[in-house]
Amino acid sequence: MSRDQPQSAPTGSAEAPYLGLLARDASVDAYDRPVLLARAEGEPAGRLAALEEARLLALRVRAELEGRRRREAELSALFETAHDLAGLRDLDAVLQAIVQRARSLLGTDVAYLSLNDPAHGDTYMRVTEGSVSARFQQLRLGMGEGLGGLVAQTARPYVTDDYFQDARFQHTHTIDAGVRDEGLVAILGVPLTLGPHVIGVLFAADRRARVFEREQIALLGSFAALAAAAIDTANLLTETRSALARLERANEIIRDRSGVIERASEVHDRLAELVLRGGGVHDVAAAVSQVLDGTVEFAEAVAAPAEALEASRAEGHAVRHGGDWIAAVAAGGELLGALVLRGHPGLDPVDQRTLERAAMVTSLLLLARRSAAEAEQRVRGELLDDLLDARDRDPRLLRDRASRLHADLDATHVVLAARLDGPAADADEEAAARRRLWSAASHLAATRHGLAAARDGGTVLLLPLRGGTATEIARRTARHLGTAVHQPVTVGASAPVTDLAAHPETVAGAYAEGRRCLDALHLLGRAGDGAAAEDFGFLGLLLAGERDIAGFVGRTIGPVVSYDERRGTELVRTLDAYFEGGMSPARTKDMLHVHVNTVAQRLERVGRLLGADWQTPARALEIQLALRLHRLAAPGGR
């Protein structure tokens, strides 16, 4: 006898056969057999009615039991999902479990979950179960598009028995193509909400027409609530982890800054000690080198990279220059130099501030030393004023005064006249610029064992000539002073002068010569440059204080004159005839009564002695003037 086959109906209660069927959990069809068997056996109508009533009652009991079992399974699934959520480790795994259990309990072909994307203003597939279409799995639904877009927009569940025949929502080609590829017909969607906000949609769908019951909609809504909670929990965990990571980074920064602050404190203590014991700029550089674990050097303004130095001065901060850092050492508008940190491109901001503070301390030390040196500078200026005015004619006293200033009046010197060339807004600014020029010139004179004084609206310097020429000193001085005062400075230099202690009047003449060179530079439009009388050729005779005619002749045709004196030749006479004959070899040979080849040979020799450019207009003019002066200076010259 099969499990669903009822036993012979007893003569007693009509409910008995159905109790056995309920106990065995028989199929629905088995509940019709007791009535059919009684009819076949000819049972009375009363008996048949009782059996029919018992059958209906048994079916209601069976349905109730199935409902209880189903709700038990649903509650069990919800409990398991909640348990998974409580131990959340992987959000994707929890969402996948929710979708799988929803599909299993609702008995659908497909279940899937989409999430809203606020950045793009649409919703996208996050998890699918039972899907076979790649296009469907990659769908993105605009807000209000398709059934899912409608659910996401309205925050209400929507169900359709036949998707393609339902006109309640907006159909789009992309969404319809994806649903068609998947073969879906009946779709149920419920919103995932966090507070008042919809964050996504949970779906259950079949590939055939189907009516979803109210209980099924409620069940899917419960799963959606769990999914939303899982997402919220995951977001909170992510935010917590991010906060912890930021906190850890903050702790690392605090630890690092603590070390930096300790280093800064150490620098402060060292710099304070240096100032108190009268240390110099190089002591500051050495102390900062140890703290910054690098090489810090003090550089004069002219030796530091000009662009980086100016940027540091303008910004008030140290600036990068290649692999180095440059911190300007400035006082007011004057650049005194720079601290250069070498080979340390990755400088911490606090260490950068340490370098800047060291530059400030360096400027204070330099100003303090300058204040102490101003008295010495005044003494230097007084000595130079006395030399210019020839007030003190005792060589011994002059040498003694110069010696105390580390100057040597017995050495060869050059007198330089310097003047500012930049425009001034008003008289106060011009006066301030002149003070800066005098200060820079005094500092230069002190470092080079010379003298400096303010005079005639500019500055005069007496600097020793130690190698090089007067022109080179003039140009270097113009560049140095111009950089120091941030304004063009023009410098005119005298010819070298010697024995100043015995002949102090020489200084006044040399100064006048330097001023004439200075005026000549202005007339020639060479403001901001430096030059000496020797740079102007025969015009130098007009600029020179003592008209050094012999020196001009020697510089211009001296090699030819010496050659004639040594060899007894007539190159000078040939040159005279050559220029007198309009630089024509034919007329020259007639004037000298020699063969033209002799003239050519002599002129070739002159070219080797004076240089290949001796016949250019500028050189020819100077050579003719030198020939005339040489002839006039000779005994019986005319």
Side-chain angles (χ1 to χ4, degrees), residues 373 375-419 438 441-456 458-477 481 491-520 530-536 540-555 558 629 633:
E376 178 184 334
Q377 292 171 358
R378 284 193 293 272
V379 173
R380 289 178 184 274
E382 291 171 358
L383 175 57
L384 184 53
D385 282 334
D386 288 347
L387 290 172
L388 288 169
D389 298 332
R391 295 172 182 167
D392 190 345
R393 301 220 175 235
D394 186 337
R396 185 181 60 80
L397 291 178
L398 288 174
R399 288 191 182 94
D400 185 56
R401 291 173 64 187
S403 177
R404 289 197 295 270
L405 298 173
H406 305 288
D408 181 9
L409 295 183
D410 292 325
T412 301
H413 286 74
V414 173
V415 179
L416 303 110
R419 186 187 305 162
W438 176 82
S442 298
H443 179 70
L444 177 64
T447 56
R448 298 189 181 178
H449 305 291
L451 304 175
R455 204 171 185 89
D456 301 322
T459 302
V460 55
L461 297 95
L462 180 68
L463 298 180
L465 182 66
R466 296 174 179 172
T469 64
T471 299
E472 292 171 349
I473 290 182
R475 289 176 178 171
R476 283 199 305 267
T477 302
L481 296 179
V491 176
S494 70
V497 291
T498 58
D499 201 13
L500 301 181
H503 303 284
E505 67 279 359
T506 307
V507 178
Y511 174 55
E513 180 179 330
R515 288 197 63 189
R516 285 193 291 272
C517 287
L518 179 63
D519 294 337
E534 63 188 30
D535 297 316
F536 296 94
L541 292 175
L542 305 178
L543 301 174
E546 297 183 356
R547 305 292 192 271
D548 184 13
I549 294 175
F552 173 73
V553 172
R555 290 192 300 272
L629 294 173

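- Between A418 and L461 the shortest heavy-atom distance is CB-CD1, 4.4 Å.
- L451 contributes atom CG, which lies 9.5 Å from atom CZ of R401 (distance to the nearest 0.5 angstrom).
- Residues A493 and C517 share a closest heavy-atom pair of O-SG, 3.7 Å.
- Between the T412 side chain and the L465 main chain, no donor and acceptor come within less than 3.5 Å of each other.
- Take D408 and apply the side-chain hydrogen bond (donor to acceptor under 3.5 Å, both in side chains) test, not counting sequence neighbours, and it matches no residue.
- Although no hydrogens or angles enter the test, the distance criterion places no donor-acceptor pair under 3.5 Å between the side chain of H406 and the main chain of H449.
- Interatomic distance, I473 CD1 to R448 CZ, rounded to the nearest 0.5 Å: 8.0 Å.
- Annotation: the span from R455 atom CZ to R515 atom CZ amounts to 9.5 Å, rounded to 0.5 Å.
- Smallest separation of non-hydrogen atoms from A452 and A441: CB-O, 3.8 Å.
- In this structure, the side chains of L409 and L387 come closer than 4.5 Å at one or more pairs of heavy atoms.
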Verdict with supporting geometry, L388 and V507, side-chain contact (heavy atoms from CB on, under 4.5 Å): CA-CA 6 Å; L388 288 169; V507 178; 3.5 Å; yes

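- The backbone N or O of R399 lies less than 3.5 Å from no partner atom in the side chain of S403, so there is not a single donor-acceptor pair.
- Y511 and V460 make their closest contact through CD1-CG2, 3.5 Å (heavy atoms, listed as atom of the first residue, atom of the second, distance).
- Within the model, atoms CZ of R419 and CG of L518 stand 4.0 Å from one another, a figure rounded to the nearest 0.5 Å.
- Among all heavy-atom pairs drawn from A474 and L416, the shortest one is CA-CD2, 3.6 Å.
- The two atoms that bring A532 and S494 nearest to each other are CB-O, 4.4 Å, heavy atoms only.
- For the atom pair NE2 of H443 and CG of L481, the computed distance is 11.0 Å after rounding to the nearest 0.5 Å.
- Looking at D400 and R396, no side-chain N of the basic residue comes within less than 4.0 Å of a carboxylate O on the acidic one, giving no salt bridge.
- D499 meets the side-chain hydrogen bond (donor to acceptor under 3.5 Å, both in side chains) test with no other residue; sequence neighbours excluded.
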